[in-house]
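Scroll down for the structure; my scribbles are underneath it.
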Amino acid sequence: MLAHRTGLPAAEVTIHADAEGRPMVTACPRLRFSVSHRGPLAVLALSGDGSRVGVDLERVSAHRVTPRMLAYTLTPRERHALTRLPPRERTRAFHAVWTAKEAVAKATGYDLASCFIRIDVALGPPGDLGGLTYGQHLARDLTCPPSAWPITRPAAPLPGYATALVTLPTSQEERS
């Protein structure tokens with residue numbers, strides 16, 4: 001895919017990390033990408049205009065949704081919102097928040113552990129999976145208001161998976 005987008009032979013496509021650890025194609029710095037894989041599936045997000053992208057794909061599993069995991073990965077507001085959901089919806093909503101945070105980490109270059117405590121993903125009213133199945137939602141950086149990023153929920157490639165995509169527009173410095 002990267003060879004196709006750059007017009008280079010695949011053997012000539014080289015990748016390096018930028019200052020924040022995000023992958024970049026050496027010969028085409030405005031081509032940004034993010035990759036995630038789980039089991040037999042993989043997703044790729046590409047941006048040709050220099051916008052930073054982050055994508056995540058996770059298998060939805062009730063085994064991950066433990067009190068310890070919730071305390072470690074969710075902000076107090078997210079934990080409160082999750083407890084208001086019916087029990088059968090909590091696992092999917094948890095993975096919606098998790099994938100959003102991981103996508104933000106990939107796009108911003110934040111380390112994932114700091115995203116757990118500094119990024120807050122809005123959950124909607126009870127009964128609608130927090131509104132986090134498809135469409136757009138907002139992730140906010142609690143340490144740097146008013147930073148906020150729209151999270152897009154592409155349809156998962158298979159049932160039982162959750163996905164998230166975030167695109168951050170290029171800053172003035174990056175456009176130069």
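Sequence positions, counted from 1, serve as the residue numbers for this chain.
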Of all pairs that satisfy ring pair (Phe, Tyr, Trp, His ring centres under 6.0 Å), the ones with a partner from residues 64-86, not counting sequence neighbours: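 The answer is Y72-F116.
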
All pairs passing ring pair (Phe, Tyr, Trp, His ring centres under 6.0 Å) where residues 11-59 contributes a residue, at least two apart: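 For residues 11-59: none.
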
Atom pair OG1/CD1 of T163 and I151 - distance to nearest 0.5 Å: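 Rounded to the nearest 0.5 Å, the OG1-CD1 separation comes to 11.0 Å.
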
Distance, nearest 0.5 Å, that separates CD of E89 from CZ of R84: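 The distance works out to 12.0 Å.
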
More than 12 heavy atoms of other groups within 6.0 Å of M1 CE: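 Not more than 12 within 6.0 Å, no.
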
Just to verify, what does [X] make a side chain to side chain donor-acceptor pair (under 3.5 Å) with, not counting sequence neighbours?
| X | result |
| --- | --- |
| D49 | S47, S51 |
| T75 | E78, D120 |
| T99 | R153 |

Which atom names give the shortest non-hydrogen contact between [X] and [Y], and what distance separates them?
| X | Y | result |
| --- | --- | --- |
| A103 | A164 | CB-O, 3.8 Å |
| T108 | R22 | O-NH1, 2.9 Å |
| K106 | S36 | NZ-CB, 3.4 Å |
| D18 | R32 | OD2-NH1, 3.7 Å |
| G54 | S34 | CA-OG, 3.5 Å |
| P9 | A3 | C-CB, 4.2 Å |

Side chain to side chain, I15 and L2, heavy atoms closer than 4.5 Å: yes

Non-neighbouring partners of A105 that pass side chain to side chain contact (heavy atoms under 4.5 Å, CB included), sequence neighbours left out: L112, C115

Partner residues of A148 under the side chain to side chain contact (heavy atoms under 4.5 Å, CB included) criterion, sequence neighbours left out: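 Per chain and number, A148 pairs via side chain to side chain contact (heavy atoms under 4.5 Å, CB included) with L138, R140.
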
Would you kindly confirm whether [X] and [Y] end up in one hydrophobic cluster when ILVMFWY residues are joined by side chain heavy atoms under 4.5 Å apart?
| X | Y | result |
| --- | --- | --- |
| M69 | V121 | yes |
| L142 | V104 | no |
| L168 | I119 | yes |
| I117 | Y110 | no |
| L31 | V35 | yes |

Verdict with reasoning, K101 to T73, per side-chain contact (heavy atoms from CB on, under 4.5 Å): CA-CA 9 Å; K101 289 184 180 203; T73 60; 5.7 Å; no

Salt bridge (charged side-chain N to carboxylate O under 4.0 Å, His left out) partners of R118, counting only residues at least two apart: D141

Side-chain cluster (under 4.5 Å, hydrophobic types only) that L57 belongs to, other residues: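 Taking Ile, Leu, Val, Met, Phe, Trp and Tyr as members, L57 shares its hydrophobic cluster with L41, V43, V55, L158, Y161, L165.
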
Side-chain cluster (under 4.5 Å, hydrophobic types only) that V53 belongs to, other residues: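 Listed partners: none, V53 stands alone.
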
Sequence neighbours excluded and cut-off under 3.5 Å, please list the side-chain donor-acceptor pairs for residues 58-65, or say none.
residue, atom, partner, partner atom, Å
E58, OE1, R38, NE, 3.1
E58, OE1, R38, NH2, 3.4
E58, OE1, R64, NH1, 2.9
E58, OE2, R38, NH2, 3.0
E58, OE2, W98, NE1, 3.4
R59, NH1, G160, O, 3.4
S61, OG, H63, N, 3.2

